[in-house]
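Here's the structure, in C-alpha cells; my notes come after.
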2 protein chains.
Amino acid sequence: MLGATELLRDLPDEALVRAHACARVERLPGHHRIFEQGDRCERAYAVAKGSVSIVQAGSDGGQAIIRFIAPGEMFGTVPLFTDHMLPADAITAEPSVVLSWSEADINALIDAYPRMSMNIIRVIGTRLVELQDRVRELATQRADQRLARALLRLSRHDGNGELAFPLRRKDLAEFSGTTLYTASRMLTAWARAGVLTSIGRRILIHDRAALHFLAEGRSLP
Amino acid sequence: MLGATELLRDLPDEALVRAHACARVERLPGHHRIFEQGDRCERAYAVAKGSVSIVQAGSDGGQAIIRFIAPGEMFGTVPLFTDHMLPADAITAEPSVVLSWSEADINALIDAYPRMSMNIIRVIGTRLVELQDRVRELATQRADQRLARALLRLSRHDGNGELAFPLRRKDLAEFSGTTLYTASRMLTAWARAGVLTSIGRRILIHDRAALHFLAEGRSLP
DNA sequence: CGCTTCTTTGAATTTCGTCAAAAGGCGTGG
DNA sequence: CCACGCCTTTTGACGAAATTCAAAGAAGCG
C-alpha cells in the first residue's frame, strides 16, 4: 500500500520495506490539528486513510484553505527542504490515519534512492501548476465561477458522484475565496436547479456539465 | 556568474563549466515572447540580464501575471519534470539576456550532480510557499491591500527604492488581481500622499512602512 | 508631427461581503 | 427518549467595494 503513495512511487520493494520500517503511524480523530503554522518542520507526512485540510491564516483573521489532502498524498514536506517553517495548519477533516517520517529518515531514503527526489519534484511541480491556476481564477473570475471550479476539483474526476471530502459551507468558502453566505446561496440555487444535492457535509454532483458551464461564466442552460 | 543562478548554486566549478558549455544564450528585445502557454516544454530557462514576466491566460480572456523573473532566477523548468506542457506565457519585460538548456543536457547535469535536484526542490518549494501566500491574499484581502503587497514584493527588500521591474498599470493590475483602473486610482492616491512616485514605467517607493500599513488593511497614518 | 499606447478620471452598475435573525441538525447528558 | 445547547445553514436587507464603460489627456515612438 505504501507503494501507492506519490512519494514512494516506482521505488523497489526493498525501499518500501525500509520506508515502512521507519514510518510513524497515527490514528487521529476528526478536526485534530496535526501541525500548526509557524511550527518547525521536522517530519514528512502522508495520508493513508481519511483526509486532511491545509489551512493558512493571515496576520488579520483571514483564513484560506490551500489544499485538501486525499489518501496517498503527502503534505507538510516542502519546508524540510527550504526554511523548515511550516506555512500553514494541517487539520484532519474526518477520522484519519496519517503516516510520517523524521527528517533524518527521509534524507537517508533520498540518498539511497535518488528517484525519490524526482518524485518530490514531480509532486510539488504539479501542485505549483495547480496553484497557478487558482491564482489566475481568484484574480480574474467571479465567486460563482470559482465555487463551481472548486466543486469540480473536489469531485472525483470520472463522471458524477460524491465529493471526496466532507465539507462545511465555511470550508467550501475558504477554499474558493468567498464567504460562507455566498457559498450557501449558490449551493441552494444549484441544488434547486438539480445540479447537485447536499446531505449533511456530503455533496453529490448530479450534473458535472452544468458545473463546467458555470465555471466558464455561462449561466445554466 | 553562472554560479549565482539558483539552479547551479553550490555546485563545483567543473559543473559550471559544463553548464556554460551547453547553454544557449539569447539577447532578446523587450516584449518578446520566449514561449507560449500550451507549447511543449523542451528547455530549462534562466534570466541572466533584464526581466521576464510569466503570464497565464484563461479560456475566457482573463489574464494573470503569475510571476516576475529577475536575473539569476530560472523559469519554464517545472514542466520538464511533470507533463511537458507549459502552463503560461513567458515574455521579456525589457531587453534581456536569457539562458537555456536542452532537456537532455539538464538531465545529464542532474545525473552528474545530484545536488542540482535539491536546488530544484528548494527553488520550486519556495515558489510554492509564495503562491500559497498569494492565494490567501487573493481570497481574503481587498484590492488595495493586495496592490500594496504587490509593490512590497516587487521592491528590493532593503529599504526604499525603485521597483525591480518596469511595469505598466495593466501589469500591476494583473499581478495583484484587480483592474488597471483601480490600480491607477490607488497609485495616484498614494503618490499624492507621498508614499511613492511613478515616472514612466518605473515606480519609486518612498515610504515602505506606509505600504506595510496599507497591506495590513490599515489606512495611512 | 502623427500615431499608437498608456494613464487618468468620472459616473453608473454589479457584485459581493456584512450584519442580523431565524431555522435546522446533531450530539450529549439528563 | 427527550430536551437542551451548540454548531451550521439559510435567507433578507443593506452597503461598501470594485468593475465596467466612456472619454479625455499624456507620453512614448517611429
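Sequence lines set the chain letters: A, B, ... in the order given, protein chains first and strands last, and positions in each chain run from 1.
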Please state whether the phosphate of [N], meaning OP1 or OP2, lies under 4.0 angstrom from any side-chain nitrogen or oxygen of [X].
{"X": "A/S184", "N": "D/dT9", "answer": "no"}
{"X": "B/T178", "N": "D/dA18", "answer": "no"}
{"X": "B/R201", "N": "D/dA26", "answer": "no"}
{"X": "B/T179", "N": "D/dT19", "answer": "yes"}

Problem set entry | Proximity to the side chain of B/R142 - top-ranked nucleotide from D/dA18, C/dC16, C/dT18 | D/dA18
Seminar exercise, completed: Taking D/dA18, C/dG17, C/dT8 as options, the one with an atom nearest any side-chain atom of B/T188 is C/dT8
Exercise. Would you call B/L16 and B/L8 a side-chain contact if the rule is heavy atoms closer than 4.5 Å?
Worked result: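 Side-chain contact under 4.5 Å: yes.
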For this session: Please examine the side chains of A/I120 and A/F81, heavy atoms only from C-beta on, and report whether any two atoms are closer than 4.5 Å.
Result: yes
Integer-rounded Å distance: [N] [atom2] and [X] [atom1]:
{"X": "A/M186", "N": "D/dT10", "atom1": "CE", "atom2": "P", "result": "13 Å"}
{"X": "B/R168", "N": "C/dT4", "atom1": "CZ", "atom2": "C1'", "result": "13 Å"}
{"X": "B/I199", "N": "C/dT7", "atom1": "CD1", "atom2": "P", "result": "14 Å"}
{"X": "A/L187", "N": "D/dT8", "atom1": "CG", "atom2": "P", "result": "16 Å"}
{"X": "B/L180", "N": "D/dT20", "atom1": "CG", "atom2": "P", "result": "10 Å"}
{"X": "B/Q145", "N": "D/dA16", "atom1": "CD", "atom2": "C1'", "result": "14 Å"}
{"X": "A/L172", "N": "D/dT10", "atom1": "CG", "atom2": "P", "result": "11 Å"}
{"X": "B/Y181", "N": "D/dA22", "atom1": "OH", "atom2": "P", "result": "10 Å"}

Exercise. If you look at every strand shown and take non-hydrogen atoms under 4.0 Å, does B/R185 touch a base, only sugar-phosphate, or nothing?
Worked result: base
For this session: With heavy atoms under 4.0 Å as the rule, sort A/R192 into base, sugar-phosphate or nothing.
Result: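 Here A/R192 touches the backbone only, sparing every base.
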For this session: Say whether, by atom type as modelled, one donor and one acceptor occur between the side chain of A/D39 and the main chain of A/E36 under 3.5 angstrom.
Result: yes
Exercise. Hey, what's the ring geometry for A/F75 with A/Y45, parallel, tilted or perpendicular (30° and 60° as the breaks)?
Worked result: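 Parallel.
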Problem set entry | Closest-nucleotide 5' rank along DNA chain D - winner of A/A139 and A/L167 |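 Its nearest nucleotide lies further toward 5', so the answer is A/L167.
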Problem set entry | Polar side chain donor-acceptor pair, B/T178 to B/T182, under 3.5 angstrom |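 Short answer, yes.
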